Amino acid sequence: MSIASRLGVGRPVRTGANLTPMIDMTFLLVVFFILVSRITSVEQVPLDLPSPSNPAANPAPEAPRLVANVPADEEGEAIAVLLDQRSYRLDESGLDDFTRTVAGRLEAIPELQVNLRADRRIPYEIVEPVMDALARAGALAGRPEGVRVNLVIQTEERGEDT
Amino acid sequence: MIGRRRMPDPARTELNLTSMIDVVFQLLIYFIVGTTFAMGEQSYRMDLPEREGGAEVDPLELDDEPIIVQVLGGGRIRIPGPWNAPVHVDGLESFLESQRSDRGGIIELDAPIRIKPRSRVSWQDAVQAFNAAVAAGYQTVGFDESID
């Protein structure tokens, strides 16, 4: 057997890129975006947030948070409070239910804050009972200092994205 | 020679990954395009007023008298007190800033400021007044029960 034939000279050369790292990275990206889109669809209910002129820079500190959404329909009337894909009616029994749910969550996670996202058009008489319900939830969960509520607003650089 | 018979090559098994990569890229593009991040959203700390059944109150501690900012709708406000207060929300921030105790005014920085809107006032107007008080530098700003 000649040396040339033992080295395989003359056979077609198999060339191929190693795709394994690329596939790994792509799968990681897919998983990331799946999770993010799930979280944002729960928390970021599309609504028209209030956008005060000249917003003050007073961002809330990073902490575990619960997002309560109060969206409005086309006429600007509030429909319900949305929390974790559940909808609570804005009457007394619905808000009692809401209070108990928030209180349960507050007991489970001590440093939990509540972000309140409410549509800019709804009247204050709708938002006030929701804030009352959050305050009652803090008392129910046995927090002497009350529950930390953050108001979510729209700063101007986002423009007409909402 | 009988013993020099060639062993067969180990079987080369290879998956064809092309179609899987195609599908995964399709998924990736779908989720990239479909995901919206909450850009430009900001959250404010808010102090809720003490309601019934709320926090325990120390009976020996004197509460600061809160500064009440009544929001009447249409940008009109009223601040009851011994001062010449603005009647429009545009002047609220500069007024509250000028009344700060460290700027020669009479309101302490940690004095509670209560935003008290009318019940039919929109959330936008209520937040506008709230924002003005926060921007003026006060540390304890909250909402109160509606006027009517």
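This structure is a prediction, so every number in the text was calculated from the model and none was measured. In what follows, every chain begins at residue 1, and chains take the letters A, B, ... in the order their sequences are listed.
- A:Leu82 and A:Ile79 fall into different hydrophobic clusters, where Ile, Leu, Val, Met, Phe, Trp and Tyr residues are linked whenever their side-chain heavy atoms come under 4.5 Å apart, directly or through other members.
- Neither B:Ile147 nor B:Ile77 shares a network with the other; the hydrophobic side chains, linked directly or stepwise wherever heavy atoms of I, L, V, M, F, W or Y lie under 4.5 Å apart, form separate groups for each.
- Remark: A:Glu111 CD is packed, more than 12 non-hydrogen atoms of other residues, nucleotides or ligands lying under 6.0 Å away.
- Among B:Val121, B:Asp125, B:Asp90, the residue with the largest count of heavy-atom pairs under 4.5 Å with chain A is B:Val121.
- Cluster membership for B:Leu96 and B:Ile68, using ILVMFWY side-chain heavy atoms within less than 4.5 angstrom, is not shared.
- With rounding to the nearest 0.5 angstrom, the CZ atom of B:Phe143 is 6.0 Å from the OH atom of A:Tyr124.
- At a cut-off of 3.5 Å, with distance as the only test, a side-chain donor of A:Glu128 or B:Ser146 sits close to an acceptor on the other residue.
- With sequence neighbours left out, A:Ala78 forms a side chain to side chain contact (heavy atoms under 4.5 Å, CB included) with A:Val70, A:Leu90, A:Ile122, A:Ile126.
- With a 6.0 Å radius and a threshold of 12 heavy atoms from other residues, nucleotides or ligands, B:Asn84 has its CG atom at or below the threshold.
- Under the 4.5 Å side-chain heavy-atom criterion for ILVMFWY residues, a single connected hydrophobic cluster contains both A:Leu83 and A:Val130.
- Only the side chain of B:Leu17 comes within less than 4.5 Å of a heavy atom of chain A; its backbone N, CA, C and O stay farther away.
- Chain A forms more heavy-atom pairs under 4.5 Å with one residue of B:Val71, B:Val24, B:Ile29 than with any other, namely B:Val24.
- Annotation: side chain of B:Arg120 is in contact with side chain of A:Pro123 (closest heavy-atom distance under 4.5 Å).
- Within 6.0 Å of CD on B:Gln26 lie no more than 12 heavy atoms contributed by other residues, nucleotides or ligands.
- B:Ile67 and B:Ile115 fall within the same hydrophobic cluster, where Ile, Leu, Val, Met, Phe, Trp and Tyr residues are linked whenever their side-chain heavy atoms come under 4.5 Å apart, directly or through other members.
- Interatomic distance, B:Ile32 CD1 to A:Ser37 OG, rounded to the nearest 0.5 Å: 11.5 Å.
- Only one option out of A:Leu49, A:Asp119, A:Leu151 pairs with B:Trp123 in a side-chain contact (heavy atoms from CB on, under 4.5 Å); it is A:Leu151.
- For a residue to count as touching a neighbouring chain, one of its non-hydrogen atoms must lie under 4.5 Å from one of that chain's; by this rule A:Val30 touches chain B with backbone and side chain alike.
- Chain A forms the most heavy-atom pairs under 4.5 Å with one residue out of B:Tyr30, B:Phe31, B:Phe25, and that residue is B:Phe31.
- Within residues 20-29 of chain A, the residues having any heavy atom closer than 4.5 Å to a heavy atom of chain B are A:Met22, A:Ile23, A:Thr26, A:Phe27, A:Leu29, listed by residue number.
- For A:Ile34, the parts lying near chain B are the backbone and the side chain together; criterion is any non-hydrogen pair under 4.5 Å.
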